[in-house]
Amino acid sequence: MGKITISTLEKQKAAGEKFVCITAYDATFARVISEAGAEAILVGDSLGMVLQGHDSTIPVAIEHMAYHTECVCRAQPQSLVIADMPFMTYPTAQQAMDNATRLMQAGAQMVKMEGGTWLSDTISMLVERGIPVCAHLGLTPQSVHTFGGFKVQGRSPKEAKSILADAVEIQDAGASLLVLECVPAPLATDISRKLDIPVIGIGAGPGTDAQVLVLHDLLGLSAHTARFVHNFMDGQSTIQGGIRAFVEAVKVGQYPREEHSYS
Ligand code: KIV
């Protein structure tokens with residue numbers, strides 16, 4: 001199989017084939033994740049929590065993201081590499097352009113930004129200039145202090161309507177992918193059906209086109225995990241086995257189950 005591109009993921013959505021994304025921050029795990037068959041690798045700003053030991057992603061800097069993106073890309077994974085734009089690196093379209101350029105030059109194939117309608121112009125500007133964008137809605141961790149904690153989003157009809165409207169607008173602005181985090185499963189299913197672009201869920205139930213988990217969570221290494229996390233090392237004797245178990249569980253529809261979802 002050759003390098004995965006956005007066209008591969010679009011075809012998988014059209015065919016109803018689930019795909020998998022896992023976070024990675026270094027070359028070894030990028031290779032292992034790619035060999036396990038995950039279609040996408042996210043160099044997530046979750047590295048601020050799982051590598052750097054912070055209690056949020058807010059302290060992460062663009063230099064950290066560029067460094068870890070380079071480490072991941074040196075493994076030459078087949079998986080599509082998406083790199084996160086950290087906190088306050090995209091408050092204006094020009095700042096987004098400058099910082100996204102650094103991640104693309106570090107080897108990323110796409111950048112990810114948290115936000116909805118307010119990001120439309122930025123998304124259009126980046127896409128028009130050749131930088132593909134993955135948007136991120138629902139529980140956007142960089143806004144943890146606005147939400148008053150890591151809380152499920154979209155539970156009220158008003159919030160759900162606003163997340164759906166944001167999703168449609170970022171698609172119209174040119175986003176190629178959407179990550180939906182910690183929203184009720186029926187809302188995520190509805191959004192995935194309404195959008196043409198692939199939707200990657202995390203804590204968003206089984207109805208999205210793909211699933212993403214933080215590597216350390218799926219390997220059972222995190223001290224505190226959310227309801228949607230499953231330890232895929234259960235019954236496995238190797239890390240490679242645990243990662244393969246996650247990939248297979250998503251593809252055959254065994255993960256996530258109802259107990260991993262919010263209603
Ligand atoms: O930074 C990250 O790892 C993420 C995922 C949780 C989607 O954004």
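Every number for a ligand or one of its atoms is a count from 1 in the order of the listing. Here the structure is a predicted model, which means the values were calculated and not measured.
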Any idea which part of D84 is under 4.0 Å from ligand 1, heavy-atom wise: side chain, backbone, both or neither? side chain

Short list, please: which atoms of ligand 1 are under 4.0 Å from a heavy atom of T23? 3 (O)

Give me the residue, atom name and distance of the protein heavy atom closest to atom 8 (O) of ligand 1. K112 NZ, 2.9 Å

Pair E63 + R102: basic N to acidic O under 4.0 Å: yes

Test of understanding: given a 4.0 Å heavy-atom threshold, classify the contact between D45 and ligand 1 as side chain, backbone, both, or neither. both

Does any N or O atom in Y25 lie less than 3.5 angstrom from one in ligand 1, N or O only? no

For the residue pair H68 and Y25, categorise the inter-ring angle as parallel (less than 30°), tilted (30 to 60°) or perpendicular (more than 60°). perpendicular

Give me the residue, atom name and distance of the protein heavy atom closest to atom 3 (O) of ligand 1. S46 OG, 2.6 Å

Take the angle between the ring planes of H230 and H260 and call it parallel below 30°, perpendicular above 60°, tilted in between. perpendicular

Plane angle bin for F228 and Y262 - parallel if under 30°, tilted between 30 and 60°, otherwise perpendicular: perpendicular

Is the closest heavy-atom distance from H136 to ligand 1 below 4.0 Å? yes

I need the nearest protein heavy-atom contact for atom 6 (C) of ligand 1: residue, atom name and distance, please. I202 CD1, 3.7 Å

Protein residue, atom and distance nearest to atom 7 (C) of ligand 1, heavy-atom basis: L42 CD2, 3.8 Å

Could you tell me, atom by atom, which parts of ligand 1 come under 4.0 Å of a heavy atom of G44? 1 (O), 2 (C), 3 (O)

Check ion pair E159-R155 (N to O, under 4.0 angstrom): no

Between T140 and Q142 (side chain of the first, backbone of the second, donor and acceptor by atom type, cut-off under 3.5 Å), is there such a pair? no

Rounding to 0.5 Å, atoms OG1 (T225) and CG (L218) come to a distance of 11.5 Å

